[in-house]
K.L.:
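Okay, here's the structure, questions in a sec.
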Amino acid sequence: QVLLSEFGGDSVQAGGSLRLSCVVFGYAYDKYTMAWFRQAPGKEREGVAAIDGDGMTTYADSVKGRFTISKDTAEHTSYLIMNSLKPEDTGMYFCAADFASDTLGPHPLLQDEYIYWGQGTQVTVSS
């Protein structure tokens with residue numbers, strides 16, 4: 001059984017930084033696409049960043065220059081480093097994996113592209 005588990009959510013002041021981690025359990029291969037999404041209260045879930053098996057990345061415009069996604073293939077772990085956090089970054093952050101694709105597709109930040117999801121980790125940014 002494949003499981004994704006996120007870690008690292010916390011409450012921080014605006015301007016602060018956090019590093020989220022997502023560990024994949026139960027999948028033996030190391031080339032696949034992973035992504036981070038977030039959902040604020042009362043809002044739709046939105047894609048934040050994605051990384052494919054070759055390390056190619058893409059970001060939502062709202063986080064470009066502030067967030068960095070990376071992946072440790074050997075550890076089956078994806079990271080989301082978030083700098084210069086803003087109150088509007090507040091939300092539940094989810095990681096997702098697409099084991100059927102090792103390259104970024106045309107819509108890597110759409111949640112419909114992913115079947116496997118973690119339970120989420122809460123990020124709260126206060127002003």
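Note that the structure is a prediction, hence the values are computed from the model and not measured. Note that the numbering runs from 1 along the sequence shown for the chain.
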K.L.:
Could you pull out the closest heavy-atom pair between G118 and F94, with the gap in Å?
P.N.:
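Looking at all heavy atoms of both residues, the closest pair is O-CD2, 3.6 Å.
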K.L.:
Please enumerate all residues that pass side-chain contact (heavy atoms from CB on, under 4.5 Å) together with D72, with sequence neighbours excluded.
P.N.:
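For D72 the side-chain contact (heavy atoms from CB on, under 4.5 Å) partners, ignoring immediate neighbours, are A74, E75, Y79.
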K.L.:
With under 30° as parallel and over 60° as perpendicular, where do the rings of H76 and Y32 fit, or are they tilted in between?
P.N.:
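Rings of H76 and Y32: parallel, under 30°.
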K.L.:
Nearest 0.5 angstrom please: I51 CD1 to M56 CE, how far?
P.N.:
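Between atom CD1 of I51 and atom CE of M56 there are 10.0 Å.
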K.L.:
To the nearest 0.5 Å, tell me how far K71 NZ sits from T33 OG1.
P.N.:
6.5 Å
K.L.:
Kindly compute the distance separating CD (Q39) from CE (M92), expressed to the nearest 0.5 Å.
P.N.:
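Result: 9.0 Å between the selected atoms.
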K.L.:
Could you tell me whether the side chain of E6 and the main chain of G120 form a donor-acceptor pair under 3.5 Å?
P.N.:
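Yes, the answer is positive, given that a donor and an acceptor are paired below the 3.5 Å cut-off.
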K.L.:
Does F67 have its ring centroid less than 6.0 Å away from the ring centroid of W36?
P.N.:
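Aromatic pair excluded; centres sit 6.0 Å or further apart.
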K.L.:
Rounded to the nearest 0.5 Å, what separation is found between the OG1 atom of T57 and the CE atom of M34?
P.N.:
14.5 Å
K.L.:
OH of Y93 to CG of L18: how many Å apart, nearest 0.5 Å?
P.N.:
9.0 Å
K.L.:
Heavy-atom distance under 4.5 Å between the side chains of V24 and T77, does that happen here?
P.N.:
no
K.L.:
side-chain contact (heavy atoms from CB on, under 4.5 Å) for E44 and F37? Distances and angles first, verdict last.
P.N.:
CA-CA 10 Å; E44 296 285 320; F37 290 75; over 6 Å; no
K.L.:
So K31 and D54, side-chain contact (heavy atoms from CB on, under 4.5 Å) or not? Walk me through it.
P.N.:
CA-CA 7 Å; K31 273 211 165 185; D54 292 324; 2.6 Å; yes
K.L.:
Determine, stepwise, if the pair Y27 / F25 fulfils ring-ring contact (aromatic ring centres under 6.0 Å, His included).
P.N.:
CA-CA 6 Å; Y27 191 75; F25 298 96; over 10 Å; no
K.L.:
Is it true that a side-chain atom of T90 and a backbone atom of V125 form a donor plus acceptor pair closer than 3.5 Å?
P.N.:
yes
K.L.:
Please find the pair of heavy atoms, one from A60 and one from G47, that lie closest to each other, and give the distance.
P.N.:
CB-O, 3.4 Å
K.L.:
Would L20 end up clustered with V12 when hydrophobic side chains under 4.5 Å apart are linked, directly or stepwise?
P.N.:
yes
K.L.:
For residues S17 and N83, report the shortest heavy-atom separation together with the two atoms involved.
P.N.:
OG-OD1, 2.8 Å
K.L.:
Shortest non-hydrogen contact from I69 to S78?
P.N.:
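Heavy-atom minimum between the residues: CG1-OG, 3.9 Å.
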K.L.:
Could you state the interatomic distance from OG1 (T68) to CZ (R19), rounded to the nearest 0.5 Å?
P.N.:
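Between T68 OG1 and R19 CZ, I get 12.0 Å after rounding to 0.5 Å.
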K.L.:
What's the shortest heavy-atom distance between Y114 and A50, and which atoms?
P.N.:
OH-CB, 3.9 Å
K.L.:
Over all heavy atoms of both residues, which pair between V63 and V48 is shortest? Give the atoms and the distance, please.
P.N.:
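Scanning both residues, the minimum pair turns out to be CG2-O, 3.6 Å.
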K.L.:
Tell me whether the centres of the aromatic rings in Y116 and F99 are closer together than 6.0 Å.
P.N.:
yes
K.L.:
Which pairs pass salt bridge (charged side-chain N to carboxylate O under 4.0 Å, His left out) with one or both residues in residues 76-105, sequence neighbours excluded?
P.N.:
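For residues 76-105: R38-D89, R66-D89.
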K.L.:
Might you confirm whether atom CG of L3 has over 12 heavy atoms from other residues, nucleotides or ligands at distances under 6.0 Å?
P.N.:
yes
K.L.:
Given the rule that I, L, V, M, F, W and Y join up when any side-chain heavy atoms are under 4.5 Å apart, are Y59 and L104 in one cluster?
P.N.:
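Cluster IDs for Y59 and L104 differ.
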K.L.:
Give a yes or no on whether I115 and L4 share a hydrophobic cluster (residues Ile, Leu, Val, Met, Phe, Trp, Tyr; joining criterion: side-chain heavy atoms under 4.5 Å apart).
P.N.:
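As far as the 4.5 Å side-chain criterion goes, L4 and I115 are connected within one cluster.
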